[in-house]
Student: 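Before I ask anything, here is the structure I am working with.
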Amino acid sequence: MPALSGPWWAHFRARLHTLRVRLVLWSLLVNALLLIGLGVGVGLVLRQIQYRQMDDRLRVSAAELARSVQMNNSQVTIRQGELTELADRGVFGWVVDPAGKILKAFGQAESLPWPGLGAPASFRDLTLGSSEVRLYQPEPGPPGSRIADGVVLVLATSREPAERTSRAVLLILSVAIPLGLAVAAAGAMFLAGRALAPISTITAQARRIGRANLSERLALPGPRDEVGQLADTFDDMLERLQAAFEHERQFLADASHELRTPLGLLRMQIDLAQSRPRDAATLMAMVQAMGDDVDRMTRLVEAMLTLTRLESAQAAPAPVDLCDVLGGLVSQLQPLALERQITLALDSPAEARVLGDRDRLVQLFLNLLDNALKHTPQGGQICVRVQRTAAAWQIQVADSGPGIPSEHLPHLFDRFYRVDTSRARATGGLGLGLAIAQTIAQQHGGAITVASDAGQGTTFSVTLQAAP
């Protein structure tokens, strides 16, 4: 269809898909259904009431007329006052004999054709001539209340007033419904515009916010209704997004800093080896030093990849027995502890189940135990204790090492943070072990805390929710 393929049609279709237009259209549809249903209901109820009034008027008139009609040798006499009252009610009719012969017609019935007899105690809607009438043929009453044996009374009233009222109501509704829909559409457009204006503001501000200006916030004024809560949620999301970007930026900066030193040493060793001829022993020593630097960078990259994988994915939780995990780790590290003359003990119940990833939990406690072994002197002690607290299990790894000064405790779980840089390099520490342990604990819905005093040892406490 060429007429529906121009730019205006595309613009019109785009406008149809806006939330504001959809709200207005739905409002119009609902209002139209309500108004039409209300109009139809009012018309039906009004028509039923009118017909009920007609039927009641015909019944009362029939009862009164049956008592006042007099028969004398097939001559029917009706008092003039009764006829006047019937005319005032708009009731007319016929008195006929059993053969259907009209004995008397009164009111408008004198100028209308005889409709014929119907079933007793029934109402009929007929067109007599040009008049729409409703007829009523009462059931013959008991002896004493009849006009005469076999004489039938048929009464009628015009349906024109009821039909005029129905047409008037239909005309009023045909004007009122479109007018009401127009008013409803205008109101819906106004209310939709007022309701969606904050969303347009949110959209415009959100488009302006990018990676370079993540510090900006919507700060939408107004009541904290659904739209206000949406703006607050968006601000919270921006807060988390900014924190994640800052976290990643800091991680890259720290990783670059950590890699710069071994790369610089490696470059220096290569330059020295190439600067002049050297004997085989010196070259082997320099190669050994370069190999150590490469090993350190390899461990650093592997640790960073491990941390990245931990933050990006998590396995489906399964029941894990912490006592079994810790018992296996203590048994594996016992030879190393004996070699360093360190007492390594485990105090745990028979079973302590949690939901999680067994491999990750092994990595968590291995980092804590490895950290404790590195910083516990000869003759020292390391105690691993498992105890139940409310709905969780608490695992403590306590050592009798030199402790950690209080100013370092808030930063202990930061990436690449070391309490003693020179000592950490001597022991091969990368500053990522505790960060990895904290990430694993958080992924399991738990937490790690540390308590330490200089010269009094250090205790790491891991809290994990118990399995149901």
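Worth knowing before you read on, the calculation uses all heavy atoms, side chains too, and leaves out hydrogens, waters and symmetry mates.
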Student: Roughly how far, to the nearest 0.5 Å, is CZ of R267 from CE of M290?
Tutor: 10.0 Å
Student: Under 3.5 Å, side chain of S122 to main-chain N/O of A119, donor-acceptor pair present?
Tutor: yes
Student: Within the 4.5 Å heavy-atom criterion, are T449 and F413 side-chain neighbours or not?
Tutor: no
Student: Using the six-membered ring wherever Trp is involved, compare the ring planes of Y136 and F123 and label them parallel, tilted or perpendicular (cut-offs 30° and 60°).
Tutor: parallel
Student: Spell out, as yes or no, whether a donor-acceptor pair under 3.5 Å connects the side chain of D321 to the backbone of R353.
Tutor: no
Student: Looking at V386 and P349, what are the two nearest heavy atoms and their distance?
Tutor: O-CD, 3.4 Å
Student: Are Q394 and Q396 packed together at the side-chain level, in the sense that at least one heavy-atom pair is separated by less than 4.5 angstrom?
Tutor: yes
Student: Measure across Q137 and G118 and return the closest heavy-atom pair with its distance rounded to 0.1 Å.
Tutor: OE1-N, 2.7 Å
Student: What heavy-atom pair brings S166 and R47 nearest, and what distance separates the two atoms?
Tutor: OG-NH1, 3.6 Å
Student: Taking the side chain as everything from C-beta on, heavy atoms only, tell me whether V462 gets closer than 4.5 Å to W393.
Tutor: no
Student: Specify the closest pair of heavy atoms between S452 and L409, including all atoms of both residues, with the distance to one decimal.
Tutor: O-CD1, 4.1 Å
Student: Quick test of your reading of the model: are R358 and D324 salt-bridged, counting only N-O distances below 4.0 Å?
Tutor: yes
Student: In the structure I gave you, are the side-chain heavy atoms of S61 and R89 within less than 4.5 Å of one another anywhere?
Tutor: yes
Student: Please check if the side chain of S131 supplies one atom and the backbone of V133 the other of a donor-acceptor pair under 3.5 Å.
Tutor: no
Student: Using modelled atom types and a 3.5 Å cut-off, is there a donor and acceptor pairing between side-chain atoms of R340 and backbone atoms of L373?
Tutor: yes
Student: State the CG-CG distance between L344 and L369, to the nearest 0.5 angstrom.
Tutor: 6.5 Å
Student: State, to 0.1 Å, how close P410 and S406 come at their nearest heavy-atom pair, and which atoms those are.
Tutor: CD-O, 3.5 Å
Student: Is N31 reaching over with its side chain to a backbone N or O of A184, donor-acceptor style, under 3.5 angstrom?
Tutor: no
Student: How far does OG of S461 sit from CD1 of I448, to the nearest 0.5 angstrom?
Tutor: 9.5 Å
Student: At what distance, to the nearest 0.5 angstrom, does CG of L434 lie from OG1 of T439?
Tutor: 10.5 Å
Student: Can you tell me how far the CD atom of E163 sits from the CD atom of Q50, to the nearest 0.5 Å?
Tutor: 8.5 Å
Student: Which heavy atom of A437 sits nearest a heavy atom of N367, and at what distance?
Tutor: N-ND2, 4.2 Å
Student: Output yes when a side-chain donor or acceptor of H444 lies under 3.5 Å from a complementary backbone atom of D357, and no otherwise.
Tutor: yes
Student: Let me see the working for T343 and L338 under side-chain contact (heavy atoms from CB on, under 4.5 Å), right down to the final yes or no.
Tutor: CA-CA 7 Å; T343 302; L338 293 176; over 6 Å; no
Student: Using a distance-only test with no angle check, is there a side-chain donor-acceptor pair under 3.5 angstrom linking S400 and Q381?
Tutor: no
Student: More than 12 heavy atoms of other residues, nucleotides or ligands under 6.0 Å from CD of E339: is that the case?
Tutor: no
Student: How long is the gap from CG on D55 to CZ on R134, to the nearest 0.5 Å?
Tutor: 4.0 Å
Student: If we ignore hydrogens and angles and just use 3.5 Å, is the side chain of R167 paired with the main-chain N or O of V169 as donor and acceptor?
Tutor: no
Student: Does any part of the side chain of V320, heavy atoms only, come nearer than 4.5 Å to the side chain of L355, both counted from C-beta?
Tutor: no
Student: Does any part of the side chain of L464, heavy atoms only, come nearer than 4.5 Å to the side chain of L361, both counted from C-beta?
Tutor: yes
Student: Kindly indicate whether the side chain of F365, heavy atoms from C-beta on, has any atom under 4.5 Å from the side chain of L322.
Tutor: yes
Student: Between R57 and V91, is any pair of side-chain heavy atoms under 4.5 Å apart?
Tutor: yes
